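Heads up, the thing below is written out as C-alpha coordinates.
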Amino acid sequence: MLQVANIRANKEAYIEALKKRNFDAEQLFSEVLDLDETRRSTQAELDETLAESNKLSKEIGLMFKNGEHQKANLLKEKTSELKETSKSLSEKLADTTAALNRHLYNIPNIPNAIVPAGASEEDNEEIFKEGEVPQLAEGALPHWELAKKYDIIDFELGNKITGAGFPVYKGKGARLQRALIAYFLDKNVAAGYTEYQMPLLVNDASGYGTGQLPDKEGQMYHVTEDNLYLIPTAEVPVTNMFRDEMLAESDLPIACTGYTPCFRREAGSYGAHVRGLNRLHQFDKVEIVRIEKPEDSYAALDGMVEQVKDILRELKLPYRILRLCGGDLGFTSALTYDFEVFSTAQDRWLEISSCSNFETFQANRLKLRYKTADGKKQLAHTLNGSSLALPRVLAGILENYQTPEGIKIPEVLVPYTGFDMID
RNA sequence: GGAGAAAUGGCAGAGUGGUCGAAUGCGGCAGUCUUGAAAACUGUUGAGGGUCACACCUCCGGGGGUUCGAAUCCCUCUUUCUCCGCCA
(Lines give C-alpha, C1' and ligand atoms only; values in the text may rest on other atoms or scores of the structure.)
Protein backbone atom coordinates (compact mmCIF):
# COMPACT_ATOMS: atom_id res chain seq x y z
CA MET A 1 0.00 0.00 0.00
CA LEU A 2 1.38 3.37 -0.98
CA GLN A 3 1.78 6.10 1.61
CA VAL A 4 -0.62 8.99 1.18
CA ALA A 5 2.09 11.49 2.03
CA ASN A 6 4.19 10.14 -0.83
CA ILE A 7 1.28 10.30 -3.23
CA ARG A 8 0.74 13.92 -2.29
CA ALA A 9 4.41 14.78 -2.72
CA ASN A 10 5.00 12.87 -5.96
CA LYS A 11 1.60 12.78 -7.59
CA GLU A 12 2.66 13.55 -11.17
CA ALA A 13 5.75 11.35 -11.10
CA TYR A 14 3.75 8.45 -9.71
CA ILE A 15 1.04 8.81 -12.33
CA GLU A 16 3.72 8.75 -14.99
CA ALA A 17 5.46 5.71 -13.47
CA LEU A 18 2.22 3.75 -13.16
CA LYS A 19 1.60 4.18 -16.87
CA LYS A 20 4.28 1.55 -17.33
CA ARG A 21 1.82 -0.82 -15.73
CA ASN A 22 -0.89 0.50 -17.99
CA PHE A 23 -2.53 1.73 -14.81
CA ASP A 24 -4.29 5.06 -14.92
CA ALA A 25 -3.95 6.54 -11.46
CA GLU A 26 -5.04 10.10 -12.14
CA GLN A 27 -8.62 9.73 -10.94
CA LEU A 28 -7.78 7.42 -8.03
CA PHE A 29 -5.05 9.71 -6.78
CA SER A 30 -7.25 12.77 -6.67
CA GLU A 31 -9.92 10.78 -4.85
CA VAL A 32 -7.32 9.53 -2.39
CA LEU A 33 -6.07 13.04 -1.73
CA ASP A 34 -9.61 14.33 -1.27
CA LEU A 35 -10.49 11.52 1.09
CA ASP A 36 -7.33 12.10 3.05
CA GLU A 37 -8.18 15.78 3.29
CA THR A 38 -11.61 14.90 4.63
CA ARG A 39 -10.19 12.33 6.97
CA ARG A 40 -7.78 14.79 8.50
CA SER A 41 -10.26 17.60 8.94
CA THR A 42 -12.82 15.20 10.42
CA GLN A 43 -10.18 13.92 12.79
CA ALA A 44 -9.36 17.46 13.87
CA GLU A 45 -13.03 18.26 14.43
CA LEU A 46 -13.51 15.08 16.41
CA ASP A 47 -10.47 15.81 18.55
CA GLU A 48 -11.83 19.22 19.41
CA THR A 49 -15.19 17.82 20.40
CA LEU A 50 -13.60 15.18 22.57
CA ALA A 51 -11.31 17.72 24.19
CA GLU A 52 -14.29 19.87 25.11
CA SER A 53 -16.15 16.86 26.44
CA ASN A 54 -13.17 15.69 28.50
CA LYS A 55 -12.82 19.13 29.99
CA LEU A 56 -16.47 19.31 31.01
CA SER A 57 -16.38 15.84 32.49
CA LYS A 58 -13.55 16.84 34.73
CA GLU A 59 -15.47 19.91 35.82
CA ILE A 60 -18.50 17.80 36.59
CA GLY A 61 -16.34 15.54 38.70
CA LEU A 62 -15.14 18.52 40.71
CA MET A 63 -18.68 19.84 41.13
CA PHE A 64 -19.88 16.56 42.58
CA LYS A 65 -16.99 16.61 44.97
CA ASN A 66 -17.97 20.09 46.07
CA GLY A 67 -21.61 19.14 46.37
CA GLU A 68 -22.76 21.40 43.53
CA HIS A 69 -25.21 18.86 42.18
CA GLN A 70 -27.53 21.23 40.36
CA LYS A 71 -24.70 22.89 38.47
CA ALA A 72 -23.31 19.48 37.57
CA ASN A 73 -26.59 18.22 36.22
CA LEU A 74 -26.88 21.29 34.03
CA LEU A 75 -23.47 20.58 32.52
CA LYS A 76 -24.42 16.98 31.90
CA GLU A 77 -26.89 18.08 29.27
CA LYS A 78 -24.14 19.93 27.46
CA THR A 79 -21.89 16.88 27.41
CA SER A 80 -24.72 14.74 26.12
CA GLU A 81 -24.94 16.98 23.10
CA LEU A 82 -21.20 16.78 22.58
CA LYS A 83 -21.50 13.03 22.75
CA GLU A 84 -23.96 13.02 19.87
CA THR A 85 -21.64 15.21 17.84
CA SER A 86 -18.60 13.07 18.49
CA LYS A 87 -20.52 9.92 17.68
CA SER A 88 -21.52 11.17 14.24
CA LEU A 89 -18.02 12.53 13.64
CA SER A 90 -16.36 9.25 14.47
CA GLU A 91 -18.74 7.43 12.17
CA LYS A 92 -17.81 9.82 9.41
CA LEU A 93 -14.15 9.30 10.22
CA ALA A 94 -14.50 5.52 10.07
CA ASP A 95 -16.33 5.69 6.75
CA THR A 96 -13.78 8.03 5.26
CA THR A 97 -10.85 5.93 6.45
CA ALA A 98 -12.44 2.77 5.08
CA ALA A 99 -13.03 4.42 1.71
CA LEU A 100 -9.48 5.73 1.69
CA ASN A 101 -8.07 2.29 2.40
CA ARG A 102 -10.23 0.67 -0.25
CA HIS A 103 -8.74 3.10 -2.74
CA LEU A 104 -5.20 2.53 -1.52
CA TYR A 105 -5.59 -1.25 -1.66
CA ASN A 106 -6.39 -0.91 -5.35
CA ILE A 107 -3.28 1.01 -6.30
CA PRO A 108 -0.28 -1.13 -7.28
CA ASN A 109 3.29 -0.39 -6.31
CA ILE A 110 5.30 2.21 -8.21
CA PRO A 111 7.62 0.40 -10.63
CA ASN A 112 11.31 1.09 -10.34
CA ALA A 113 12.78 3.40 -13.00
CA ILE A 114 14.52 0.51 -14.79
CA VAL A 115 11.30 -1.48 -15.24
CA PRO A 116 10.57 -1.59 -18.96
CA ALA A 117 7.16 -0.50 -20.17
CA GLY A 118 5.10 -3.26 -21.69
CA ALA A 119 1.76 -4.96 -21.83
CA SER A 120 2.50 -8.63 -21.20
CA GLU A 121 5.22 -11.21 -20.75
CA GLU A 122 6.16 -10.64 -24.40
CA ASP A 123 7.75 -7.37 -23.29
CA ASN A 124 9.89 -8.74 -20.47
CA GLU A 125 13.52 -7.95 -20.91
CA GLU A 126 16.01 -10.81 -21.02
CA ILE A 127 19.07 -9.65 -19.10
CA PHE A 128 21.07 -12.83 -18.62
CA LYS A 129 21.38 -16.30 -20.03
CA GLU A 130 23.60 -19.18 -19.03
CA GLY A 131 24.05 -22.89 -19.65
CA GLU A 132 24.15 -25.22 -22.58
CA VAL A 133 20.91 -26.56 -23.95
CA PRO A 134 21.63 -30.29 -24.12
CA GLN A 135 21.31 -32.17 -27.37
CA LEU A 136 18.67 -34.73 -26.65
CA ALA A 137 18.34 -37.98 -28.47
CA GLU A 138 15.57 -38.47 -30.96
CA GLY A 139 12.30 -39.12 -29.17
CA ALA A 140 13.14 -37.18 -26.01
CA LEU A 141 10.13 -37.15 -23.71
CA PRO A 142 8.38 -34.42 -21.75
CA HIS A 143 8.56 -34.94 -17.99
CA TRP A 144 5.02 -36.29 -17.62
CA GLU A 145 5.94 -39.13 -19.97
CA LEU A 146 9.21 -39.69 -18.13
CA ALA A 147 7.38 -39.69 -14.83
CA LYS A 148 5.19 -42.48 -16.11
CA LYS A 149 7.99 -44.41 -17.76
CA TYR A 150 10.09 -44.53 -14.59
CA ASP A 151 7.10 -44.64 -12.26
CA ILE A 152 8.21 -41.69 -10.13
CA ILE A 153 5.21 -39.35 -10.26
CA ASP A 154 1.61 -40.49 -10.44
CA PHE A 155 -0.82 -37.81 -11.56
CA GLU A 156 -3.84 -40.12 -11.79
CA LEU A 157 -3.39 -41.33 -8.25
CA GLY A 158 -3.44 -37.75 -6.97
CA ASN A 159 -6.56 -37.26 -9.03
CA LYS A 160 -8.21 -40.12 -7.23
CA ILE A 161 -7.22 -38.99 -3.77
CA THR A 162 -7.77 -35.28 -4.14
CA GLY A 163 -8.18 -33.94 -7.66
CA ALA A 164 -6.25 -32.54 -10.58
CA GLY A 165 -3.08 -30.70 -9.66
CA PHE A 166 -2.19 -32.83 -6.64
CA PRO A 167 0.40 -35.31 -7.89
CA VAL A 168 1.80 -38.22 -5.92
CA TYR A 169 5.60 -38.51 -5.91
CA LYS A 170 6.87 -41.99 -5.58
CA GLY A 171 10.12 -43.84 -4.97
CA LYS A 172 13.09 -42.05 -6.51
CA GLY A 173 10.78 -39.21 -7.54
CA ALA A 174 9.90 -38.52 -3.92
CA ARG A 175 13.52 -38.93 -2.86
CA LEU A 176 14.77 -36.58 -5.57
CA GLN A 177 12.28 -33.97 -4.44
CA ARG A 178 13.35 -34.34 -0.82
CA ALA A 179 16.99 -34.08 -1.92
CA LEU A 180 16.29 -30.86 -3.77
CA ILE A 181 14.59 -29.31 -0.75
CA ALA A 182 17.49 -30.20 1.52
CA TYR A 183 20.02 -28.95 -1.01
CA PHE A 184 18.25 -25.62 -1.51
CA LEU A 185 17.93 -25.05 2.22
CA ASP A 186 21.57 -25.91 2.82
CA LYS A 187 22.66 -23.48 0.11
CA ASN A 188 20.56 -20.70 1.62
CA VAL A 189 21.71 -21.37 5.16
CA ALA A 190 25.33 -21.35 3.93
CA ALA A 191 24.65 -17.93 2.39
CA GLY A 192 23.54 -16.57 5.76
CA TYR A 193 19.80 -17.17 5.70
CA THR A 194 18.13 -18.42 8.87
CA GLU A 195 15.97 -21.47 8.31
CA TYR A 196 12.35 -21.45 9.45
CA GLN A 197 9.46 -23.88 9.45
CA MET A 198 6.27 -21.93 9.22
CA PRO A 199 2.55 -22.53 9.73
CA LEU A 200 0.83 -23.52 6.51
CA LEU A 201 -2.41 -21.79 7.41
CA VAL A 202 -2.61 -18.08 8.09
CA ASN A 203 -5.26 -15.70 9.40
CA ASP A 204 -6.67 -12.85 7.38
CA ALA A 205 -4.52 -10.19 9.04
CA SER A 206 -1.52 -11.98 7.53
CA GLY A 207 -3.25 -12.17 4.17
CA TYR A 208 -3.74 -8.42 4.22
CA GLY A 209 -0.23 -7.84 5.50
CA THR A 210 1.50 -9.24 2.45
CA GLY A 211 -1.19 -8.18 0.00
CA GLN A 212 -2.90 -11.47 -0.92
CA LEU A 213 -6.05 -9.96 0.52
CA PRO A 214 -8.26 -8.40 -0.54
CA ASP A 215 -7.32 -8.47 -4.22
CA LYS A 216 -6.26 -12.11 -4.67
CA GLU A 217 -8.73 -13.72 -2.33
CA GLY A 218 -9.89 -16.25 -4.94
CA GLN A 219 -6.35 -17.58 -5.38
CA MET A 220 -6.11 -18.97 -1.86
CA TYR A 221 -7.86 -21.96 -0.38
CA HIS A 222 -10.04 -20.68 2.43
CA VAL A 223 -10.85 -22.82 5.45
CA THR A 224 -14.08 -21.06 6.27
CA GLU A 225 -14.88 -22.84 9.50
CA ASP A 226 -11.82 -21.33 11.15
CA ASN A 227 -11.39 -18.43 8.75
CA LEU A 228 -7.86 -19.44 7.83
CA TYR A 229 -6.14 -19.55 4.47
CA LEU A 230 -3.74 -22.13 3.12
CA ILE A 231 -0.57 -20.32 2.21
CA PRO A 232 0.09 -19.72 -1.50
CA THR A 233 3.77 -19.16 -0.65
CA ALA A 234 6.04 -19.11 2.41
CA GLU A 235 6.35 -15.38 1.83
CA VAL A 236 3.07 -14.90 3.68
CA PRO A 237 3.89 -16.46 7.05
CA VAL A 238 7.57 -15.51 6.94
CA THR A 239 7.07 -11.85 6.14
CA ASN A 240 4.20 -11.61 8.61
CA MET A 241 6.50 -12.60 11.44
CA PHE A 242 7.56 -8.97 11.24
CA ARG A 243 4.12 -7.43 11.09
CA ASP A 244 3.69 -4.55 13.57
CA GLU A 245 7.33 -4.74 14.55
CA MET A 246 9.65 -1.91 15.44
CA LEU A 247 13.11 -3.25 14.71
CA ALA A 248 16.42 -1.75 15.72
CA GLU A 249 18.68 -0.65 12.91
CA SER A 250 21.19 -3.23 14.11
CA ASP A 251 18.65 -6.03 13.51
CA LEU A 252 18.91 -5.42 9.78
CA PRO A 253 19.38 -7.01 7.41
CA ILE A 254 17.17 -9.97 8.26
CA ALA A 255 17.44 -12.99 5.98
CA CYS A 256 15.08 -15.94 6.27
CA THR A 257 14.62 -19.10 4.30
CA GLY A 258 11.98 -21.75 4.61
CA TYR A 259 10.56 -24.73 2.88
CA THR A 260 6.77 -25.05 2.65
CA PRO A 261 4.21 -26.64 0.45
CA CYS A 262 2.22 -23.95 -1.39
CA PHE A 263 -1.46 -24.10 -2.23
CA ARG A 264 -3.02 -22.24 -5.11
CA ARG A 265 -6.48 -22.54 -6.52
CA GLU A 266 -5.34 -21.34 -9.96
CA ALA A 267 -8.97 -20.78 -10.80
CA GLY A 268 -9.61 -20.76 -14.50
CA SER A 269 -6.15 -21.68 -15.70
CA TYR A 270 -6.40 -25.01 -17.44
CA GLY A 271 -5.03 -26.05 -20.81
CA ALA A 272 -2.08 -27.48 -22.65
CA HIS A 273 0.53 -25.37 -20.86
CA VAL A 274 -0.44 -26.64 -17.47
CA ARG A 275 0.26 -30.30 -18.12
CA GLY A 276 2.25 -32.40 -15.75
CA LEU A 277 4.20 -30.41 -13.21
CA ASN A 278 3.86 -27.13 -15.03
CA ARG A 279 1.04 -25.84 -12.86
CA LEU A 280 -0.24 -27.45 -9.69
CA HIS A 281 -2.61 -26.73 -6.85
CA GLN A 282 -0.10 -28.00 -4.34
CA PHE A 283 3.62 -27.71 -4.86
CA ASP A 284 6.78 -27.35 -2.82
CA LYS A 285 8.95 -24.31 -2.66
CA VAL A 286 11.94 -23.00 -0.76
CA GLU A 287 11.64 -19.29 -0.26
CA ILE A 288 14.02 -16.54 0.78
CA VAL A 289 12.82 -13.35 2.45
CA ARG A 290 14.86 -10.30 3.37
CA ILE A 291 14.11 -7.22 5.45
CA GLU A 292 16.45 -4.40 4.52
CA LYS A 293 17.19 -0.74 5.05
CA PRO A 294 15.97 1.23 2.04
CA GLU A 295 19.47 2.20 1.00
CA ASP A 296 20.55 -1.44 0.92
CA SER A 297 17.57 -3.10 -0.66
CA TYR A 298 18.60 -3.07 -4.30
CA ALA A 299 22.03 -4.46 -3.54
CA ALA A 300 20.19 -7.13 -1.55
CA LEU A 301 17.99 -7.91 -4.53
CA ASP A 302 21.12 -8.37 -6.63
CA GLY A 303 22.44 -10.66 -3.92
CA MET A 304 19.30 -12.77 -4.08
CA VAL A 305 19.63 -13.02 -7.84
CA GLU A 306 23.23 -14.20 -7.38
CA GLN A 307 22.08 -16.78 -4.85
CA VAL A 308 19.59 -18.28 -7.28
CA LYS A 309 22.09 -18.15 -10.14
CA ASP A 310 24.59 -20.02 -8.04
CA ILE A 311 22.13 -22.83 -7.40
CA LEU A 312 21.14 -23.14 -11.06
CA ARG A 313 24.77 -23.14 -12.09
CA GLU A 314 25.52 -26.00 -9.73
CA LEU A 315 22.53 -27.91 -11.05
CA LYS A 316 23.85 -27.25 -14.55
CA LEU A 317 20.47 -26.26 -15.89
CA PRO A 318 20.17 -23.84 -18.82
CA TYR A 319 18.40 -20.73 -17.59
CA ARG A 320 17.77 -17.10 -18.30
CA ILE A 321 16.82 -14.08 -16.21
CA LEU A 322 14.08 -11.67 -17.18
CA ARG A 323 13.41 -8.22 -15.89
CA LEU A 324 9.64 -8.06 -15.78
CA CYS A 325 7.96 -5.30 -17.68
CA GLY A 326 5.32 -3.06 -16.14
CA GLY A 327 2.47 -5.12 -17.51
CA ASP A 328 3.77 -8.38 -16.04
CA LEU A 329 5.00 -6.98 -12.73
CA GLY A 330 3.17 -8.22 -9.64
CA PHE A 331 0.81 -5.84 -7.87
CA THR A 332 3.04 -5.34 -4.83
CA SER A 333 6.44 -5.35 -6.54
CA ALA A 334 8.65 -2.45 -7.59
CA LEU A 335 11.13 -4.61 -9.48
CA THR A 336 11.06 -8.31 -10.25
CA TYR A 337 13.53 -10.71 -11.85
CA ASP A 338 12.12 -13.98 -13.07
CA PHE A 339 14.29 -17.03 -13.59
CA GLU A 340 13.32 -19.50 -16.26
CA VAL A 341 14.78 -22.91 -16.96
CA PHE A 342 14.73 -24.18 -20.49
CA SER A 343 12.85 -27.40 -20.87
CA THR A 344 14.43 -29.05 -23.86
CA ALA A 345 11.79 -31.70 -24.31
CA GLN A 346 8.91 -29.22 -24.12
CA ASP A 347 10.91 -26.64 -26.06
CA ARG A 348 9.86 -23.86 -23.76
CA TRP A 349 10.98 -21.81 -20.78
CA LEU A 350 9.59 -22.64 -17.35
CA GLU A 351 9.47 -20.05 -14.59
CA ILE A 352 11.24 -21.41 -11.53
CA SER A 353 11.99 -18.34 -9.46
CA SER A 354 10.91 -14.81 -9.02
CA CYS A 355 12.89 -12.30 -6.94
CA SER A 356 11.22 -9.04 -6.02
CA ASN A 357 11.81 -5.85 -4.13
CA PHE A 358 8.60 -4.51 -2.65
CA GLU A 359 10.32 -1.46 -1.17
CA THR A 360 7.93 -0.07 1.47
CA PHE A 361 4.75 -1.29 -0.20
CA GLN A 362 4.33 -4.34 2.01
CA ALA A 363 6.02 -2.73 5.01
CA ASN A 364 3.42 0.01 5.03
CA ARG A 365 0.60 -2.48 5.29
CA LEU A 366 2.57 -4.57 7.75
CA LYS A 367 3.69 -1.58 9.84
CA LEU A 368 7.16 -3.04 9.63
CA ARG A 369 9.51 -0.33 10.77
CA TYR A 370 12.87 0.20 12.32
CA LYS A 371 14.49 2.86 14.42
CA THR A 372 17.52 4.51 12.89
CA ALA A 373 20.57 5.34 14.98
CA ASP A 374 19.29 8.89 15.50
CA GLY A 375 15.91 7.60 16.68
CA LYS A 376 13.89 8.18 13.52
CA LYS A 377 11.28 5.57 12.66
CA GLN A 378 11.01 4.46 9.12
CA LEU A 379 9.51 1.71 7.03
CA ALA A 380 11.84 -1.11 6.08
CA HIS A 381 12.06 -2.62 2.63
CA THR A 382 10.88 -6.20 2.13
CA LEU A 383 12.11 -8.56 -0.55
CA ASN A 384 11.52 -12.14 -1.41
CA GLY A 385 12.43 -14.75 -3.91
CA SER A 386 12.00 -18.41 -4.62
CA SER A 387 15.04 -20.56 -4.32
CA LEU A 388 13.48 -22.51 -5.78
CA ALA A 389 10.08 -23.78 -6.89
CA LEU A 390 10.37 -27.55 -6.88
CA PRO A 391 8.09 -28.95 -9.59
CA ARG A 392 9.55 -27.05 -12.48
CA VAL A 393 13.11 -27.64 -11.32
CA LEU A 394 12.19 -31.29 -11.17
CA ALA A 395 10.66 -31.07 -14.64
CA GLY A 396 13.81 -29.36 -15.90
CA ILE A 397 16.05 -32.02 -14.43
CA LEU A 398 13.95 -34.90 -15.76
CA GLU A 399 13.81 -33.47 -19.25
CA ASN A 400 17.32 -32.10 -19.60
CA TYR A 401 19.10 -35.00 -17.93
CA GLN A 402 17.31 -37.78 -19.74
CA THR A 403 19.44 -40.31 -21.59
CA PRO A 404 18.54 -43.55 -23.32
CA GLU A 405 19.73 -45.35 -20.18
CA GLY A 406 17.70 -43.29 -17.76
CA ILE A 407 17.71 -39.95 -16.01
CA LYS A 408 21.03 -38.86 -14.60
CA ILE A 409 21.07 -37.03 -11.29
CA PRO A 410 22.97 -33.71 -11.22
CA GLU A 411 26.27 -34.31 -9.52
CA VAL A 412 25.68 -31.84 -6.73
CA LEU A 413 22.53 -33.71 -5.70
CA VAL A 414 24.00 -37.19 -5.53
CA PRO A 415 25.12 -36.81 -1.90
CA TYR A 416 21.52 -35.90 -1.10
CA THR A 417 19.75 -38.56 -3.15
CA GLY A 418 22.10 -41.44 -2.55
CA PHE A 419 21.67 -42.56 -6.16
CA ASP A 420 22.92 -41.13 -9.45
CA MET A 421 20.43 -42.50 -11.92
CA ILE A 422 16.72 -43.01 -12.26
CA ASP A 423 16.19 -46.03 -14.45
C1' G B 1 -13.79 -30.92 24.60
C1' G B 2 -15.06 -29.63 30.27
C1' A B 3 -13.87 -26.55 34.89
C1' G B 4 -11.23 -22.49 36.92
C1' A B 5 -7.71 -18.19 36.76
C1' A B 6 -5.56 -14.39 34.06
C1' A B 7 -4.27 -10.56 29.99
C1' U B 8 -1.60 -3.30 32.21
C1' G B 9 4.42 0.48 29.28
C1' G B 10 11.07 -3.18 26.81
C1' C B 11 10.37 -6.71 31.17
C1' A B 12 8.35 -7.54 36.14
C1' G B 13 4.29 -5.69 38.75
C1' A B 14 0.56 -2.06 41.53
C1' G B 15 -3.84 0.06 40.39
C1' U B 16 -11.89 -1.99 41.23
C1' G B 17 -15.67 4.65 38.58
C1' G B 18 -13.19 11.23 38.62
C1' U B 19 -6.14 15.37 37.37
C1' C B 20 -4.31 7.46 35.90
C1' G B 21 -1.08 7.58 30.34
C1' A B 22 -0.93 4.81 34.71
C1' A B 23 2.82 3.75 41.45
C1' U B 24 7.16 0.85 42.24
C1' G B 25 11.31 -2.25 40.70
C1' C B 26 14.49 -3.84 36.71
C1' G B 27 16.29 -2.50 32.07
C1' G B 28 17.60 1.76 28.54
C1' C B 29 19.57 6.81 27.97
C1' A B 30 22.14 11.30 30.04
C1' G B 31 24.93 13.32 34.02
C1' U B 32 27.87 13.45 38.91
C1' C B 33 31.90 10.75 41.11
C1' U B 34 36.42 7.92 38.83
C1' U B 35 42.76 7.86 35.22
C1' G B 36 38.95 4.34 33.07
C1' A B 37 35.18 0.94 34.51
C1' A B 38 31.95 -1.00 38.28
C1' A B 39 29.12 0.57 42.43
C1' A B 40 26.47 4.66 44.34
C1' C B 41 23.71 9.05 43.50
C1' U B 42 20.76 12.60 40.24
C1' G B 43 17.80 13.28 36.11
C1' U B 44 15.31 11.11 32.04
C1' U B 45 12.69 7.14 29.45
C1' G B 46 5.68 3.88 26.19
C1' A B 47 3.11 4.06 21.27
C1' G B 48 0.09 6.34 17.38
C1' G B 49 -2.18 10.83 15.37
C1' G B 50 -1.77 16.19 15.24
C1' U B 51 1.31 20.96 15.27
C1' C B 52 6.66 25.05 12.67
C1' A B 53 6.58 24.10 17.88
C1' C B 54 2.94 23.79 21.69
C1' A B 55 -2.03 22.63 22.64
C1' C B 56 -5.00 18.68 21.89
C1' C B 57 -6.87 13.52 20.62
C1' U B 58 -6.44 8.03 20.86
C1' C B 59 -4.36 3.56 23.05
C1' C B 60 -4.18 -0.65 29.78
C1' G B 61 -5.49 -8.28 24.76
C1' G B 62 -9.65 -7.30 20.31
C1' G B 63 -14.74 -5.64 19.55
C1' G B 64 -19.26 -3.69 21.66
C1' G B 65 -22.03 -1.49 25.86
C1' U B 66 -23.31 1.34 30.69
C1' U B 67 -21.87 6.42 32.53
C1' C B 68 -21.26 13.42 32.36
C1' G B 69 -16.66 10.43 33.24
C1' A B 70 -13.97 3.44 32.44
C1' A B 71 -7.48 0.27 33.11
C1' U B 72 -11.45 -0.15 36.86
C1' C B 73 -18.63 -2.06 35.82
C1' C B 74 -21.45 -5.26 31.90
C1' C B 75 -21.52 -8.34 27.19
C1' U B 76 -18.64 -10.86 23.61
C1' C B 77 -14.37 -12.76 21.13
C1' U B 78 -9.24 -14.14 21.26
C1' U B 79 -5.00 -15.72 23.73
C1' U B 80 -2.21 -17.65 27.97
C1' C B 81 -1.85 -20.55 32.52
C1' U B 82 -3.69 -24.59 36.01
C1' C B 83 -6.67 -29.09 36.52
C1' C B 84 -9.49 -33.02 33.88
C1' G B 85 -10.44 -35.61 29.24
C1' C B 86 -8.49 -36.96 24.35
C1' C B 87 -4.27 -37.53 21.29
C1' A B 88 0.75 -37.93 17.25
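For clarity, every value in this text was computed on a predicted model and none was experimentally measured. So you know, we letter chains A, B, ... as the sequences are listed, proteins then strands, and number each from 1.
Residue contacts shown for A:Lys78 are absent, as no nucleic acid heavy atom lies under 4.0 Å away. Among the protein residues, A:Arg39 comes within range of no part of the nucleic acid, since none of its heavy atoms lies under 4.0 Å from any strand. Counting non-hydrogen atoms under 4.0 angstrom, A:Thr79 reaches the backbone sugars and phosphates but no base. Within the nucleic acid shown, A:Leu75 has no heavy atom closer than 4.0 Å to any nucleic acid atom. Looking at heavy-atom distances under 4.0 Å, A:Asn54 makes contact with sugar-phosphate atoms alone, never a base.
Nearest-nucleotide mapping onto RNA chain B: of A:Lys87 and A:Glu52, the residue sitting toward the 5' end is A:Glu52.
Regarding contacts with the backbone of B:rG48, a side-chain N or O of A:Lys377 is found under 4.0 angstrom from either OP1 or OP2. In this structure, A:Arg369 reaches the B:rG48 phosphate: one of its side-chain N or O atoms is under 4.0 Å from OP1 or OP2.
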For residues 50-59 of chain A, dump all side-chain donor-acceptor pairs below 3.5 Å to protein atoms at least two apart in sequence or in another chain.
from	atom 1	to	atom 2	distance (Å)
A:Asn54	ND2	A:Leu50	O	3.4
A:Ser57	OG	A:Ser53	O	3.1

Please list every donor-acceptor pair under 3.5 Å in which a side-chain atom of residues 293-300 of chain A meets a protein atom from a residue at least two apart or in another chain.
from	atom 1	to	atom 2	distance (Å)
A:Lys293	NZ	A:Glu249	OE2	3.3
A:Ser297	OG	A:Pro294	O	3.4
A:Ser297	OG	A:Asn357	ND2	2.9
A:Ser297	OG	A:His381	ND1	2.8
A:Tyr298	OH	A:Asn112	ND2	3.1
A:Tyr298	OH	A:Glu359	OE2	2.4

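Atom pair A:Glu245:CD and B:rG48:P shows a separation of 13 Å (rounding to whole Å applied). Protein atom CD of A:Gln43 is 13 Å distant from nucleotide atom C1' of B:rU51, rounded to whole Å.
Note on ring orientation: taking the six-membered ring where Trp is involved, the planes of A:Phe361 and A:Phe331 are perpendicular (angle over 60°, cut-offs 30° and 60°). Between A:His69 and A:Phe64, the ring planes are perpendicular. Angles over 60° get that label, and only those under 30° would be called parallel.
The pairing partner recorded for B:rU78 is B:rA7, the criterion being a Watson-Crick or G-U wobble arrangement whose two distances lie under 3.5 angstrom. Remark: B:rA40 base-pairs with B:rU32; criterion is Watson-Crick or G-U wobble with both hydrogen-bond distances under 3.5 Å.
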